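Both backbone and side-chain heavy atoms feed into the values below; hydrogens, waters and symmetry mates do not. Quick caveat: nothing in here was measured; it's all calculated off a predicted structure. Naming: A, B, ... by sequence-line order, numbering from 1 per chain.
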Amino acid sequence: MQLIIGGAYSGKRKYVRDRYLNYHLISAYNHDSIDEALSINKPVVVLEGFEQWIQEELSRKGSKEIRDLFAGYLHELLKMEREENIQVYLLMLEIGRGIVPVEERDRKWRDITGWVQQDAQNLCESVYYSWHGLVKKMK
Amino acid sequence: MITFISGGARSGKSTLAEHLAEGMYHQTKKEHPNSQLCYIATAKRSDFTGDERIDLHIQQRGKVWETIEEPYILPSVFTYVSEHSIILLDCLTVWTSNMMFSRNLGIRDMEDMLLNFLKKAADRQCSVFIVSNDVNEGMPSKCRNVQAYTFSLEAIHKLVIAASSSVIQTVAGIPIWWKRDRRLVLQ
């Protein structure tokens, strides 16, 4: 499993596009559900928009519960990758570098997103940081 | 030679850019005595409460710098700039905002103008240092204008980075080199 993390429009999807002609994109921005990823048997599966999926859970669950939920997804994805011999790419948006949000809900959103990114980083064999279209291997 | 420098707020990008530009100027001056050290300020005077802050910055940079205030038409600065000069453009975030929100120009117009600016600089054998800001790593905004601005600025960053032989990200004043031109010496 590979993680590409970077700011908005920093070239995360392009990194995958430059390497694969065909990949299956599961995008929160297209209103896809993260569950869909677990039933797909394609050679390359790309997931993006984790912060959106996290945001959808904010009103329903507490921080720890949401973090655990996503940790569960990440473990499932890793298991799927190993068992089905597919490549999983996680594209995650860096949102932690601005001013601390005024609203409590936004602080919770930002915190959980950061924790999920750390959990993803732990499970991924490679981690890349994208910055204005350039990509650096961090792990 | 083009150098792109970006980083978070107060990460030391302008200080580093000024330092690098001054170093290059002193080197260039030996061979090309007519070379100038030019600072292109993109902020409009009306952006500040009074002109005090601008004048303070001009004073702080010292006599060796010539300041050209140009919020929009970057290629026009070459009216004042001689060959082999060192130019520091500070910064792309303000310039992009001026172009989008005061002049209603789109990405293509901005890209064309920047390419024209860089070509004129290359024709005159000028070295250019371009400073910008990482504004895309904070909380996503729901405001359409902010999203459009971030998208345009990222497109411009990618264009400048493709043209640059040195690309530096600053963290607490420390340069992280994404691309490095050996001619650029950090003293």
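Sparse packing is recorded around NZ of A:K79, with 12 or fewer heavy atoms of other residues, nucleotides or ligands lying under 6.0 Å away. A 6.0 Å sphere centred on NZ of B:K119 holds no more than 12 heavy atoms belonging to other residues, nucleotides or ligands. Taking a 6.0 Å sphere around CZ of A:R107, one finds it holds more than 12 heavy atoms contributed by other residues, nucleotides or ligands. Remark: A:K139 NZ is packed, more than 12 non-hydrogen atoms of other residues, nucleotides or ligands lying under 6.0 Å away.
When heavy atoms are compared at a cutoff of 4.5 Å, B:S6 approaches chain A by way of both its backbone and its side chain. At a 4.5 Å heavy-atom cutoff, A:V100 makes no contact with chain B through either its backbone or its side chain.
For a heavy-atom cut-off of 4.5 Å, chain A lies close to B:Q147, B:T150, B:F151, B:E154, B:H157, B:K158, B:I161 in residues 146-161 of chain B. Residues from residues 9-38 of chain A that place a non-hydrogen atom less than 4.5 Å from a non-hydrogen atom of chain B comprise A:Y9, A:S10, A:G11, given in numerical order. Annotation: residues 74-85 of chain B contacts chain A through no residue [non-hydrogen atoms, separation under 4.5 Å].
Scanning both residues, B:W178 and A:V135, for their nearest heavy atoms gives CZ3-C, 3.7 Å.
Side-chain contact check for B:N136 versus A:R97: every heavy-atom pair is 4.5 Å or farther apart. Residues A:H132 and B:V167 form no side-chain contact, since every pair of their non-hydrogen atoms from C-beta on lies 4.5 Å or further apart. At least one side-chain heavy atom of B:E137 sits under 4.5 Å from a side-chain heavy atom of A:W131.
Criterion: ILVMFWY side-chain heavy atoms under 4.5 Å apart, direct or through other members. Under it, A:V127 and A:V88 are part of a common hydrophobic cluster. Cluster membership for B:L92 and B:I168, using ILVMFWY side-chain heavy atoms within less than 4.5 angstrom, is not shared. Clustering ILVMFWY residues whenever any of their side-chain heavy atoms sit less than 4.5 angstrom apart, transitively, puts B:I40 in a cluster other than the one holding B:F129. Taken together through direct or relayed side-chain contacts under 4.5 Å among Ile, Leu, Val, Met, Phe, Trp and Tyr, A:M1 and A:I86 form part of one hydrophobic cluster. A:V46 and A:I54 are not part of a single hydrophobic cluster, where members link through side-chain heavy atoms under 4.5 Å apart.
Scored by the ring-ring contact (aromatic ring centres under 6.0 Å, His included) test, A:H75 finds no partners at all (sequence neighbours excluded).
Atom CD of A:E103 is separated from atom CE of B:M139 by 10.0 Å, given to the nearest 0.5 angstrom.
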